[in-house]
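Letters go in sequence order (proteins before strands), and every chain restarts at 1.
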Number of protein chains: 2
Amino acid sequence: MTTSKKLDRSDPHRRTRRDHSTETAEDYVEAMAEIIERSGTCRVVDLTKHFGVSHVTVTRIVARLQDEGLVVTEKYRPIELTTQGRRLAQRSRQRHEIVYEFLLALGVDPKVAAIDAEGIEHHVSPQTLSKFKAFVQR
Amino acid sequence: MTTSKKLDRSDPHRRTRRDHSTETAEDYVEAMAEIIERSGTCRVVDLTKHFGVSHVTVTRIVARLQDEGLVVTEKYRPIELTTQGRRLAQRSRQRHEIVYEFLLALGVDPKVAAIDAEGIEHHVSPQTLSKFKAFVQR
DNA sequence: TGAATAGTGTAGTTAAGGCTACAATTTGAA
DNA sequence: TTCAAATTGTAGCCTTAACTACACTATTCA
Ligand SMILES: [Mn+2]
Ligand SMILES: [Mn+2]
Ligand SMILES: [Mn+2]
Ligand SMILES: [Mn+2]
């Protein structure tokens, strides 16, 4: 039983707003995990390049991620992921990858797929994700 | 020629941020067009119910849409769409419909598809949209 | 070893989009 | 017709996420 109830017409928008409120955290820990894997450590400047925003924006967001227990920082030091941060990074990365591969399987060009996947990933429910996965594996 | 250049790793995020900056306008004019079609006029209170936000939030967003030339309002009167607003509504509605039908065609439950489509629609490029359309028509 | 440069921190501003509380207007029913 | 309810407006607050400008720390290399 998937607890259905009735669908209020405002429910989809409530959900979209909730997706957006977790989007930044997902993208940041995902980027940090990748950067650490690639280069050993992740610094503020790496994230400014990754996201194309100023270092001030990165610093503020990272501070909030620390409050949320996803990262640990120390002044002028590289940023580290907590266990919780690594878990979220892994889940986000898997979902991102599935969405990207799904778009490729549909015939979308790699560059376009990379762009679309970055926004779409946060709005894909578990059920839709599993349909994507099934499609990729034909 | 689709002017390729090379893909900076910050491009997808720039694009996602741009999508989010136009999302509200798209959803609002789309909702207004539907409400007007269904009931003749669209009032602030209709939009508060549609989106599940306070009437203050609706009022402020509608004021901005007026600055942008998408709607016309007069104190205590129903909100009207401009020609430009109707054009955007139509485009948004078509794209939304295609995304929704695509998810259904993939086998996603209607309620889940309605929720996911509401967020996904804004991140679907023309190319991806045409792949979605082709898939729906098998 | 010092400077220059790179990286980071901090202060202050802006805009969008959420809210509550209260004031004003419109409308519908008695 | 009048007045109570519904609707809309306005004032003021919050959070997120963007920015510039300037200060401070760390690193590199001449
Ligand atoms: Mn991502
Ligand atoms: Mn993303
Ligand atoms: Mn989004
Ligand atoms: Mn939407």
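A donor-acceptor contact shorter than 3.5 Å links the side chain of A:R43 to the backbone of A:Y76.
If one axis is set at each end of the helix from C:dT1-D:dA30 to C:dA30-D:dT1 from five pairs, those axes are 0° apart, to 10°.
Under the side-chain contact (heavy atoms from CB on, under 4.5 Å) test applied with B:L88, the options B:V29, B:T83, B:T82 reduce to a single match, B:V29. Applying side-chain contact (heavy atoms from CB on, under 4.5 Å) to B:V62 and the options B:T57, B:L70, B:L47 leaves one that passes, B:L47.
With respect to A:E97 and A:R93, no salt bridge is recorded, no charged nitrogen being found less than 4.0 Å from a carboxylate O. We find that A:E26 and A:R95 are joined by a salt bridge, their nearest charged nitrogen and carboxylate oxygen being less than 4.0 Å apart. At a threshold of 4.0 Å, the pair B:E23-A:R17 does not count as salt-bridged, since none of the basic side-chain nitrogens sits closer than that to a carboxylate oxygen.
B:L104 and B:L106 are assigned to two separate hydrophobic clusters, defined by single-linkage of ILVMFWY side chains at heavy-atom distances under 4.5 Å. In this structure, B:I120 is a member of the same hydrophobic cluster as A:F102, with clusters built from ILVMFWY side-chain heavy atoms closer than 4.5 Å.
Contact of the A:E121 side chain with the A:D27 side chain is registered, since non-hydrogen atoms from C-beta on lie closer than 4.5 Å. Taking 4.5 Å as the limit, every side-chain heavy atom of B:V45 sits out of range of all side-chain heavy atoms of B:H55.
Shown for residues 69-78 of chain B: residues whose heavy atoms fall under 4.0 angstrom of DNA chain D, namely B:K75, B:Y76. Of the residues in residues 51-68 of chain B, those with a non-hydrogen atom less than 4.0 angstrom from any atom of DNA chain D are B:H55, B:V56, B:T59, B:R60. Of the residues in residues 14-49 of chain B, B:T24 come within less than 4.0 Å of DNA chain C through at least one heavy atom, sorted by number.
Between B:F51 and B:Y28, the two ring planes are parallel [angle under 30°; tilted spans 30° to 60°].
For B:T128, the side-chain hydrogen bond (donor to acceptor under 3.5 Å, both in side chains) partners at least two apart in sequence or on another chain are A:D116, B:S125.
Aromatic ring centroids of B:H20 and B:H122 lie 6.0 Å or more apart. Separation of the A:F135 and B:F135 ring centroids falls under the 6.0 Å cut-off.
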- Residues B:D19, B:R15; criterion salt bridge (Lys or Arg N to Asp or Glu O under 4.0 Å); working and verdict: CA-CA 6 Å; B:D19 291 344; B:R15 166 65 162 280; 3.4 Å; yes
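Bracketed by its first and final contacts, the part of DNA chain C lying under 4.0 Å from non-hydrogen atoms of chain B reaches from C:dA16 to C:dT27 in 5' to 3' order.
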